[in-house]
Amino acid sequence: MEDLRLNVALLRRRVPNLTSAAKSVGLRPATVSNLSTGKIPVGRAEVRTLVALASLAECSLDELIIRGEKVEMIETGIKALDLFAPLTKSGTIGLVARPGMGQLVILAEVFHRLKQQGYQTILLEPEGKHPEVDDISAYIDHTFHSIDEAYEYIAKLSNKTEVVFAADRSRVLMGDIQDLQERLQNIGVDSVTTFLVDLKGEVVDEDLPYGPLETLLQFDADLAARHMFPAVNPIYSTSSVLEGAHLDQTHLTIQQRAQKLLRRYRELRAIVNVKGIDSLPETEAPLYKRGELLEAYLTQPFYVAEAFTGQKGETVTLKETLIDVRKILDGANDAKEVKELTYVGKIH
């Protein structure tokens, strides 16, 4: 089948408040979000949905749907991200979390790792007082106070340097991010990957809090409460990179198997928490154990947290992650204890 995806950048530019606009024409914001990130392939979308989106964006279906262009992944060496929600190069990545779930730690870690890959890291200063942002300043090359300053600097870089750019949701609501992205596109600069965070933690309760995204990192309160970091939800986080046509088939197969196991594990965990481990049927016990092992394996020591944890940061290539996860899924690590896979890099 021909590779199809939504022109998310066009939607962002043309429909500033997509949530209310979608509802006004009878579309579910969740459907629009899933189409943007590739969770629902465009080929499976209802025609009326695509027509309604084209109408909102005042464009033709040909402009709304991009054919045959490869979506490129930024490999971070962070297991949970690379497997379940790969960062979309030159895309917009939204972090959905409440305070205390570690979203700024992940942002700092990603920026630290991408600086090693030659990226320039830029922060647009948030509105109001947010002293917690000072914690990530060591990983930021440049901080700008206005969109104009950021635009002028990025425009000078042109496409000679890859840029990762971070901003708070307050800047999205003011229209600043949409303005910056449109101005950069107008001069042909497409080397900027944008990270959007919500320092107030209000986005958790909203549909499409940032507008359409290429990658959604949904954080998990239960994982954070159990200190299982990064607390990225492996079931609800997603990315347009995961559309089958863009992804290596091995990655897609393992990602889908892992999600299925974790979904079942979470159901079983709810039972175990109430009735105890002995309440599980014999047939479900191996699934529960593998779910525990996989959840533990997805934790990872971060370089930016070394001073606090006393543990050296770990990078795991996507290839290594896929090998390890497949072994867990196939039962090769059933004899291991959960603590043996907690906060490690690759499995030795």
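What's counted below: heavy atoms across the whole structure, side chains too, no hydrogens, waters or symmetry copies. This structure is a prediction, so every number in the text was calculated from the model and none was measured.
- Only one option out of R169, R171, K200 pairs with E127 in a salt bridge (Lys or Arg N to Asp or Glu O under 4.0 Å); it is R171.
- A donor-acceptor contact closer than 3.5 angstrom is absent between the side chains of S60 and D62.
- Taking CG of D176 as the reference point, atom OG of S146 lies at 8.5 Å (rounded to 0.5 Å).
- Using a 4.5 Å cut-off on side-chain heavy atoms (C-beta onward), Y236 and V96 make no contact.
- For the ring-ring contact (aromatic ring centres under 6.0 Å, His included) condition, the pairs that include at least one residue of residues 151-173, sequence neighbours left out, are H142-Y153, F144-Y153.
- Tracing side-chain contacts under 4.5 Å through hydrophobic residues (I, L, V, M, F, W, Y), one never reaches Y119 starting from L124; they form parts of separate clusters.
- Counting only heavy atoms from C-beta outward, the side chains of L114 and E162 never approach each other to under 4.5 Å.
- Under a hydrophobic-cluster definition in which Ile, Leu, Val, Met, Phe, Trp and Tyr are linked whenever side-chain heavy atoms come within less than 4.5 Å, directly or via other members, L341 and L322 are assigned to the same cluster.
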Verdict with supporting geometry, E109 and R113, salt bridge (charged side-chain N to carboxylate O under 4.0 Å, His left out): CA-CA 6 Å; E109 183 72 13; R113 289 167 182 251; 2.7 Å; yes
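- Partner of I122 under the side chain to side chain contact (heavy atoms under 4.5 Å, CB included) criterion, out of I154, I140, V164: I154 alone.
- In this structure the side chain of F195 reaches within 4.5 angstrom of the side chain of F111, judged on heavy atoms.
- Separating the OG1 atom in T215 from the NZ atom in K89 is a distance of 13.5 Å, to the nearest 0.5 Å.
- Atoms NE2 and CD, on H145 and E125 in that order, are 5.0 Å from each other to the nearest 0.5 Å.
- For the pair Q117/E75, no side-chain contact is recorded, criterion being any heavy-atom separation below 4.5 Å from C-beta on.
- If you chain together hydrophobic residues whose side chains sit under 4.5 Å apart, V204 and I235 never meet in one group.
- Placement of L10 and V15 in two distinct hydrophobic clusters is found when ILVMFWY residues are connected by side-chain heavy-atom separations under 4.5 Å, directly or transitively.
- The heavy-atom pair separating I347 from D324 by the smallest distance is N-OD2, 2.8 Å.
- Of all heavy-atom pairs spanning I147 and L180, the tightest one is CD1-CB, 3.8 Å.
- Minimum heavy-atom separation, T121 to K115: CG2-CG, 3.5 Å.
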Would you give me the side-chain donor-acceptor pairs under 3.5 Å for residues 77-84, sequence neighbours excluded?
{"residue": "K79", "atom": "NZ", "partner": "Y297", "partner atom": "O", "Å": "2.5"}
{"residue": "K79", "atom": "NZ", "partner": "T299", "partner atom": "O", "Å": "3.1"}
{"residue": "K79", "atom": "NZ", "partner": "V344", "partner atom": "O", "Å": "2.9"}
{"residue": "K79", "atom": "NZ", "partner": "G345", "partner atom": "O", "Å": "3.0"}
{"residue": "D82", "atom": "OD1", "partner": "T76", "partner atom": "N", "Å": "3.1"}
{"residue": "D82", "atom": "OD1", "partner": "T76", "partner atom": "OG1", "Å": "2.9"}
{"residue": "D82", "atom": "OD2", "partner": "T76", "partner atom": "N", "Å": "3.3"}
{"residue": "D82", "atom": "OD2", "partner": "G77", "partner atom": "N", "Å": "2.8"}

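- A side-chain N or O of T92 and one of R12 form a donor-acceptor pair less than 3.5 Å apart.
- The shortest distance between side-chain heavy atoms of V338 and L293 falls below 4.5 Å.
- Between I136 and L107 there is a side-chain heavy-atom pair separated by less than 4.5 Å.
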